[in-house]
Q: 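The following block contains the structure, expressed as structure tokens.
Since the structure is predicted, the reported quantities are computational estimates derived from the model, not experimental observations.
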Amino acid sequence: MGPPYGGVHSSLDSGHIFLMPTTHHTRMLIIGSGPAGLSAAIYAARAGLQPIVVQGLQPGGQLTITTDVENYPGFRDVIQGPWLMEEMQAQAEHVGTRMMWDIISGLDLSKRPFTLTGDSGDVFIADTLVIATGAQARWLGLDSEMAMQGKGVSACATCDGFFYRGKKVVVIGGGNTAVEEALYLTNHSQDVTLIHRRDSLRAEKILQERLFAHPHIKVLWNKAVDRFVGGGTPEVLVGLDLKDINTGEISHIETDGAFVAIGHKPATEVFAGHLPMDSDGYLLVEKGSSKTSVPGVFAAGDVTDKIYRQAVTAAGMGCMAALDAEKFIAEADFEALSTAAE
């Protein structure tokens, strides 16, 4: 796989070897290596732009921690998330993408070409920038929750609800996401329970009305998950221990699947003060495009999408970003040639 960073080795008299920072130039720098970033890389590489992908904290994105994937087009049978991302990366590299193990920690978007700095100390000089850093589901933070992820605990009903056809499921949360997930799951289950730690929901009123009117959904109020309970061989989720917020009493509910729906956090901290975001930290783009407010900077995937959050939509947005960036470069090149000819 090679060294994690792209620096040049320097040997000192003491015998120690260090990686010296290197400057990389590219027509397109892509930050993030999930479906959006790798799709952008494939299109950019095929256009001859020789893109560099900085892989970030979680190379491959959220699909690397997803087991069964049944809704990505082109595969008759269930596939594994990590395998899908390995194939996407291999395809991107095959057509000319350079993958870099680094994390962007600083940037200057005030002028083109843009200058970005990695944790490694490497500097990236880019004519265009595609941001595909994604978003992470918010979790409750319980050890038992982590142990049961992929074994009955999920953060995406649209992704995994199909696997619980005719089974008991619960949704944890009280906002729009939780209510929407509960309503969606009624397509597969006639026994859906929403668990909320308060005595009222934060979701929009129209969603609440649909939830309360649905015959297959019940709500447990003032309850917090104390433990996700596993059982069987191989071990899978069989129930939840719940703690009453008011009395502290512990109760148990049996379930086959639990969907944690307490929101997502986009990975946009490094862009604060550089690019406009909404109140939740998602990057803002022009409607119907991947363009941010800074010419030459584009955003794709979950970092700008709080509605769909699917691998296939992220991949499509990655394609859009690459095409938008390619067009931007072509226009900038033409303008430069015209100016030089005058």
Q: Does a side-chain N-to-carboxylate-O contact under 4.0 Å join K223 and D244?
A: yes

Q: Quick one: which residue pairs count as a salt bridge (charged side-chain N to carboxylate O under 4.0 Å, His left out) with a foot in residues 303-314, not counting sequence neighbours?
A: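 Found D278-K306, D280-K306.
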
Q: Do V123 and L116 pass the side chain to side chain contact (heavy atoms under 4.5 Å, CB included) test, and can you show the C-alpha distance, the side-chain angles, and the key distance before you say yes or no?
A: CA-CA 6 Å; V123 176; L116 299 93; over 6 Å; no

Q: Looking just at side-chain N and O atoms, do D302 and H264 make a donor-acceptor pair shorter than 3.5 Å?
A: no

Q: Please tell me whether D108 and T115 have a donor and an acceptor in their side chains that are separated by less than 3.5 angstrom.
A: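 Not at all, the side chains of D108 and T115 share no donor-acceptor pair under 3.5 Å.
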
Q: For the CZ atom on R138, are there more than 12 heavy atoms of other groups (residues, nucleotides or ligands in this structure) within a distance under 6.0 Å?
A: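 Yes, CZ of R138 has more than 12 neighbouring heavy atoms, counting only those of other groups under 6.0 Å.
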
Q: Quick check: are there more than 12 heavy atoms from other residues, nucleotides or ligands sitting under 6.0 Å from CD of Q190?
A: no

Q: Looking at D127 and R27, is any side-chain nitrogen of the basic one under 4.0 Å from a carboxylate oxygen of the acidic one?
A: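 Yes.
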
Q: Name the one of K218, K167, R165 that satisfies salt bridge (Lys or Arg N to Asp or Glu O under 4.0 Å) with D191?
A: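 So the option named by the test is K218.
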
Q: Flag the pair F259 / Y164 as yes when their ring centroid distance falls below 6.0 Å, and as no otherwise.
A: yes

Q: Just by distance, with hydrogens left out, do D324 and S289 show a side-chain donor and acceptor under 3.5 Å apart?
A: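 The answer is no; no qualifying pair exists.
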
Q: Can you list every disulfide (SG to SG under 2.5 Å) pair that touches residues 148-217, not counting sequence neighbours?
A: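 Of all non-adjacent pairs touching residues 148-217, those that pass disulfide (SG to SG under 2.5 Å) are C156-C159.
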
Q: Closest approach of A178 and V171, non-hydrogen atoms and distance?
A: O-CG1, 3.5 Å

Q: Using every non-hydrogen atom in the two residues, find where F114 and P295 come nearest and quote the distance to one decimal.
A: CZ-O, 3.3 Å

Q: Would one find more than 12 heavy atoms of other residues, nucleotides or ligands at under 6.0 Å from atom OH of Y308?
A: no

Q: Are more than 12 heavy atoms, taken from residues, nucleotides or ligands other than R112, located less than 6.0 Å from that residue's CZ atom?
A: yes

Q: Are L49 and M99 grouped together when hydrophobic residues (ILVMFWY) are joined by side-chain heavy atoms under 4.5 angstrom apart?
A: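 Cluster IDs for L49 and M99 match.
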
Q: Just do the side chain to side chain contact (heavy atoms under 4.5 Å, CB included) check on S33 and Q89 with the steps written out, would you?
A: CA-CA 8 Å; S33 53; Q89 179 175 330; 5.8 Å; no

Q: Can D226 and K243 be counted as an ion pair, charged N to O under 4.0 angstrom?
A: no

Q: With a 6.0 Å cut-off (strictly less than), is the heavy-atom count around CG of N187, excluding the residue itself, greater than 12?
A: yes

Q: Are there more than 12 heavy atoms of other residues, nucleotides or ligands under 6.0 Å from atom CD of E254?
A: no

